[in-house]
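First up is the structure itself, then whatever we jot down about it.
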Amino acid sequence: MKLEINNLSVKINKTKILDDVSLGIKEREFLVLLGPSGCGKSTLLKTIAGINYVDEGTIVLDGTVLNDVPAHKRGTVIVFQDIRLFPNMSVADNVTYALRFKGIKKKSRREKAGDLLRSVQLEGFEDRMPSTLSGGQMQRVALARALAAEPKLILLDEPFSSLDENLREDMRNLVKKLHHEFGMTTIMVTHDREEAFSMADRLAVMFEGKIVQTGTPENVLSAPADERVRRYFGRKAVHINEERLTKK
Ligand code: ADP
Ligand code: MG
């Protein structure tokens with residue numbers, strides 16, 4: 001769904017962490033938020049999800065101002081890099097946890113869990129306990145759980161950064177496949193430039209609490225907004241751009 005962030009500022013302990021951020025995200029868009037560590041990426045996602053308070057500005061999802069809407073009523077869901085599954089619950093119960101409170105019967109929940117587990121390529125994992133899963137499998141369960149909530153907007157905060165490189169590639173492909181299948185509007189944070197370029201419809205580049213540039217990966221590479229952006233992509237930019245162009 002369509003998200004508009006208008007002149008958003010967020011303070012933590014009186015320090016301004018987000019400074020006059022404006023950003024629009026289109027329906028079904030896959031936006032990648034990119035920038036150096038500490039620039040405010042996680043803070044922006046948490047603010048959209050309702051975990052941080054807004055000091056100034058508005059967050060508008062499909063015409064509804066979210067500023068005073070509690071986190072669980074926003075229609076957003078956030079997946080963190082350090083996934084926390086409920087250790088004492090089966091995979092199926094983890095996936096459909098939120099549906100219990102919607103009065104959905106056990107049998108339907110089990111079916112839904114099966115469908116979602118198939119989507120994340122964990123068919124037959126319903127009765128496994130989290131402690132028996134690998135890191136990549138846990139991350140897939142976390143994705144299935146996020147999808148179970150049927151979010152209008154899914155927020156992924158460096159979802160692959162704890163996984164090793166060959167697994168990351170699989171997870172990137174899986175997330176793109178799910179995005180295609182479910183068509184949810186997505187904001188994904190990464191500090192990995194190649195990951196950003198390979199996955200984004202559009203990039204938003206952040207420095208020191210401000211969004212300094214948005215555009216397609218090609219736009220950003222060919223016309224960096226300022227010297228910081230140019231330096232951040234550096235030589236890598238040339239290499240990545242050639243790769244993207246040859247893939248097309
Ligand atoms: P990123 O995700 O881009 O690495 P963060 O949004 O986590 O950056 O953090 C941005 C800045 O806000 C950092 O300087 C960080 O130290 C500060 N910050 C974030 N959360 C808190 C918090 N709960 N208390 C104090 N400072 C915080
Ligand atoms: Mg972060």
Side-chain angles (χ1 to χ4, degrees), residues 1 30 41-52 61 66 69-190 195 199:
M1 305 274 154
F30 197 104
K41 304 180 295 297
S42 295
T43 304
L44 179 55
L45 287 201
K46 286 184 195 160
T47 308
I48 296 168
I51 301 168
N52 287 334
L61 186 61
L66 292 185
V69 176
H72 67 279
K73 291 194 176 157
R74 288 190 176 200
T76 59
V77 53
I78 187 162
V79 177
F80 295 101
Q81 91 181 61
D82 55 330
I83 355 129
R84 279 154 271 174
L85 299 177
F86 301 111
N88 55 336
M89 279 184 205
S90 69
V91 164
D93 287 344
N94 264 283
V95 169
T96 56
Y97 182 73
L99 304 183
R100 274 189 196 197
F101 306 103
K102 291 186 177 165
I104 296 171
K105 296 255 161 26
K106 193 170 166 91
K107 187 161 172 282
S108 315
R109 290 206 307 267
R110 178 112 187 148
E111 276 169 21
K112 178 99 180 175
D115 290 345
L116 288 165
L117 287 170
R118 206 165 313 118
S119 302
V120 298
Q121 292 150 21
L122 286 179
E123 190 161 7
F125 275 63
E126 283 88 337
D127 295 319
R128 294 274 291 267
M129 296 305 281
S131 60
T132 70
L133 303 178
S134 70
Q137 288 168 340
M138 282 193 220
Q139 201 60 295
R140 281 164 202 253
V141 175
L143 280 174
R145 182 170 62 182
L147 292 168
E150 295 179 5
K152 294 180 176 175
L153 176 69
I154 189 163
L155 306 164
L156 305 170
D157 194 355
E158 309 213 27
F160 320 129
S161 58
S162 61
L163 305 175
D164 60 35
E165 187 51 40
N166 47 8
L167 209 51
R168 294 176 69 136
E169 186 61 39
D170 289 349
M171 289 297 287
R172 283 174 200 159
N173 293 334
L174 176 65
V175 166
K176 285 299 279 187
K177 179 184 90 91
L178 294 173
H179 176 252
H180 191 73
E181 256 174 52
F182 290 81
M184 65 278 178
T185 310
T186 305
I187 307 179
M188 187 183 92
V189 163
T190 180
E195 188 163 284
M199 296 184 74

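Only this structure's heavy atoms are used, side chains among them; waters, hydrogens and symmetry mates stay out. The first residue in the sequence is number 1, and the count goes up from there.
By the side-chain contact (heavy atoms from CB on, under 4.5 Å) test, Asp164 is found to be paired with Asn166, Leu167, residues two or more places apart in sequence or in another chain being considered.
Atom-to-atom distance recorded for Ile187:CD1 and Phe30:CZ is 10.5 Å, nearest 0.5 angstrom. Separation of atoms CG (Leu117) and CG (Leu147) is listed at 10.5 Å; rounding is to 0.5 Å. For the atom pair OG of Ser162 and CD1 of Ile83, the computed distance is 6.0 Å after rounding to the nearest 0.5 Å. Interatomic distance, CD1 of Ile104 versus CD of Glu111, reported as 11.5 Å (0.5 Å rounding). Between Met129 atom CE and Ser90 atom OG the span is 6.5 Å, to the nearest 0.5 Å. Note that OG1 of Thr76 and CD1 of Ile154 are 10.0 Å apart. Values are rounded to the nearest 0.5 Å.
Under the 4.5 Å side-chain criterion, counting only non-hydrogen atoms from C-beta, Met188 is in contact with Glu195. Put simply, the side chain of His180 does not reach to within 4.5 Å of the side chain of Lys176, judged on heavy atoms. By the 4.5 Å heavy-atom criterion applied to side chains, Val91 and Leu122 are not counted as neighbours. Between Val77 and Arg145 the shortest side-chain heavy-atom distance does not fall below 4.5 Å. Between Ile78 and Ile51 there is a side-chain heavy-atom pair separated by less than 4.5 Å.
When atom types are taken as modelled, the side chain of Gln139 and the backbone of Pro159 share a donor-acceptor pair closer than 3.5 angstrom. Under the 3.5 Å distance criterion, the side-chain polar atoms of Asn94 are matched with a main-chain donor or acceptor of Phe86.
The residue from Thr190, Val189, Val175 that alone fulfils the side-chain contact (heavy atoms from CB on, under 4.5 Å) condition with Leu156 is Val175.
Ion pairing of Arg118 with Asp115 is present here, as a side-chain N (NZ or NE/NH1/NH2) and a carboxylate O approach within less than 4.0 Å.
Scanning both residues, Leu143 and Leu174, for their nearest heavy atoms gives CD1-CD2, 4.2 Å. Listed here is the closest heavy atom pair of Glu150 and Lys112: OE2-NZ, 2.7 Å. Listed here is the closest heavy atom pair of Ile48 and Arg74: O-NH1, 2.9 Å. Across Ala49 and Ala71, no two heavy atoms sit closer than the pair O-CB, 3.3 Å. The two atoms that bring Gly135 and Leu163 nearest to each other are C-CD2, 3.8 Å, heavy atoms only. Here the closest non-hydrogen pair linking Thr47 and Asn52 is OG1-CB, 3.4 Å.
Environment of NZ in Lys106: sparse, with no more than 12 heavy atoms of neighbouring residues, nucleotides or ligands closer than 6.0 Å.
Sorted by first and then second residue, the ring-ring contact (aromatic ring centres under 6.0 Å, His included) pairs involving residues 147-174 (not counting sequence neighbours) form an empty list.
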- Message: Could you go through Asp127 and Arg110, starting from their C-alpha distance and side-chain angles, then the distance that decides it, and tell me whether this counts as salt bridge (charged side-chain N to carboxylate O under 4.0 Å, His left out)?
- Response: CA-CA 10 Å; Asp127 295 319; Arg110 178 112 187 148; 3.0 Å; yes
- Query: When you look at Gln137 and Thr132, which way does the side chain to side chain contact (heavy atoms under 4.5 Å, CB included) test go after all the steps?
  - Reply: CA-CA 9 Å; Gln137 288 168 340; Thr132 70; over 6 Å; no
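Judged by the 6.0 Å distance and 45° axis criteria, Arg140 is not positioned over the aromatic ring of Phe125.
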